[in-house]
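Right, one structure below, let's go through it.
First listed ligand is number 1; within each ligand, the first listed atom is number 1. Because the structure is predicted, anything quoted here is derived from the model rather than measured.
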Amino acid sequence: MKRVSLTQYLVEEQRQHNTIPAELRLLIEVVARACKTISHSVGKGALGDVLGSAQSENVQGEIQKKLDIISNEILLEANEWGGHLAAMASEEMETIHLIPNRYPQGEYMLLFDPLDGSSNIDVNVSIGTIFSVLKAPEGMGKPTEQDFLQPGVKQVAAGYAVYGPQTQLVLTTGNGVNCFTLDREMGSWVLTQRNMTIPATTREFAINASNARHWHAPVKRYIDELLAGSTGPRAADFNMRWIASMVADVHRILNRGGIFMYPADARDPSVPGKLRLMYEANPMAFIVEQAGGAATNGVKRIMEIQPEKLHQRVPVFLGSRDEVALVTSYHQK
Ligand code: AHM
Ligand code: MG
């Protein structure tokens with residue numbers, strides 16, 4: 001079979017659909033190259049002295065792991081010089097990162113979670129990088145946090161890399177979802193799955209069930225019905241998976257269907273769920289919708305939420321369309 005590289009795919013997409021201008025192509029290639037470097041560090045583990053905590057906290061008050069910081073640095077450094085970006089934002093940085101004056105400023109804005117699934121780093125379980133690309137607003141001067149606060153429907157590209165048994169890159173530019181596998185010997189990304197699609201129905205769900213006592217009524221009802229199995233109202237047995245790396249859970253759903261949930265719960269009304277809207281939920285929602293799935297916060301489409309803060313959290317229900325519709329309908333009742 002003829003191998004199609006990431007570069008070739010991007011060039012051909014631009015020729016056929018006009019959706020990936022040269023600057024965006026450069027951006028995607030630079031991010032993909034950074035993910036290659038992160039994958040290399042992840043793969044070294046203890047041999048590269050990259051495991052463990054960094055003795056610092058991020059803006060969300062979470063202890064940072066060494067790899068969180070290393071990955072953040074890799075992405076910043078890789079993306080500063082190309083002239084394709086106006087600014088960047090990251091889970092690991094309190095405010096936005098401007099492009100240094102010595103480099104030209106471009107028209108795109110990049111957001112990322114440099115290393116998602118941090119709790120899995122030290123135990124050799126799949127982790128990933130998530131990214132979202134927006135366009136700078138018309139007539140923007142020096143970029144501010146406000147310029148980033150655009151709803152997910154404005155994303156021009158989104159993707160993630162998953163560092164698992166294989167390193168893969170899943171990408172959308174608004175024309176379907178494609179998956180590239182890193183050829184470690186050649187150092188290149190090779191297109192291995194075209195037009196990934198999520199089946200509308202599923203018998204598999206993902207939620208951290210240790211929070212069950214805090215769930216709100218609609219989530220309780222939905223999960224109780226799934227757990228009741230073939231003798232319950234759903235008249236079917238459901239299987240459960242929870243990796244605690246959103247990237248890995250979403251990757252499974254893209255490959256064989258399923259529903260992923262990280263709901264808000266009764267613990268602290270000022271913290272609606274765990275996942276962040278702008279660099280976790282939105283890019284994943286874009287990918288999932290492009291693969292024929294759905295993504296809501298329980299009430300509305302995630303990508304239509306107007307962000308108010310860079311690090312805003314949001315409840316997440318995403319994956320197979322029929323199940324997302326059902327749990328969303330329980331919230332609306
Ligand atoms: P992180 O960005 O700090 O790694 O946190 C996000 C991760 C998601 O990947 C995952 O779905 C979730 O946190 C797991 O949370 P929990 O430990 O509560 O199960
Ligand atoms: Mg994360």
Check each heavy atom of [X] against ligand 1 and say whether those closer than 4.0 Å belong to the side chain, the backbone, both or neither.
X      : result
Val247 : neither
Phe260 : side chain
Ser245 : backbone

For [X], take its heavy atoms, then give the atoms of ligand 1 lying under 4.0 Å from any of them.
X      : answer
Glu91  : 1 (P), 2 (O), 3 (O)
Glu280 : 2 (O), 6 (C)
Asn208 : 16 (P), 18 (O), 19 (O)
Ala244 : 9 (O), 10 (C), 14 (C)

Are Asp224 and Arg221 close enough, and set up right, to give a salt bridge (charged side-chain N to carboxylate O under 4.0 Å, His left out), and what steps lead you there?
CA-CA 5 Å; Asp224 281 348; Arg221 173 184 171 193; over 6 Å; no
Consider every N or O of Leu275 and every N or O of ligand 1, then say whether any pair is closer than 3.5 Å.
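No, no N or O pair falls under 3.5 Å.
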Is there a polar contact, in the sense of an N or O pair closer than 3.5 Å, between Asn211 and ligand 1?
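Such a contact does not occur with ligand 1.
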Please report the interatomic distance OH(Tyr262) to CH2(Trp242), rounded to the nearest 0.5 Å.
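The CH2 atom of Trp242 is 6.0 Å from OH of Tyr262, to the nearest 0.5 Å.
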Steps toward salt bridge (charged side-chain N to carboxylate O under 4.0 Å, His left out) verdict (Glu323, Arg234):
CA-CA 11 Å; Glu323 291 303 315; Arg234 298 295 305 270; 2.5 Å; yes
Going by the rule side chain to side chain contact (heavy atoms under 4.5 Å, CB included), which residues pair with Pro269 if we only count those two or more places apart in sequence or in a different chain?
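Checked Pro269 against side chain to side chain contact (heavy atoms under 4.5 Å, CB included); zero matches.
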Taking side chain to side chain contact (heavy atoms under 4.5 Å, CB included) as the definition, give me every residue that meets it alongside Asp322, ordered by chain and number, with sequence neighbours left out.
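Asp322: side chain to side chain contact (heavy atoms under 4.5 Å, CB included) contacts with Ala200, Thr201.
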Answer whether the closest heavy-atom distance between the side chains of Leu75 and Ser90 falls below 4.5 Å.
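Not in contact.
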Would you kindly say whether Thr19 and Asn175 are connected by a side-chain donor-acceptor distance under 3.5 Å?
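Asn175 and Thr19 do not have a side-chain donor-acceptor pair below 3.5 Å.
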Report the member of Met246, Arg276, Lys274 with the shortest heavy-atom distance to atom 12 (C) of ligand 1.
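Looking at heavy atoms only, the winner is Lys274.
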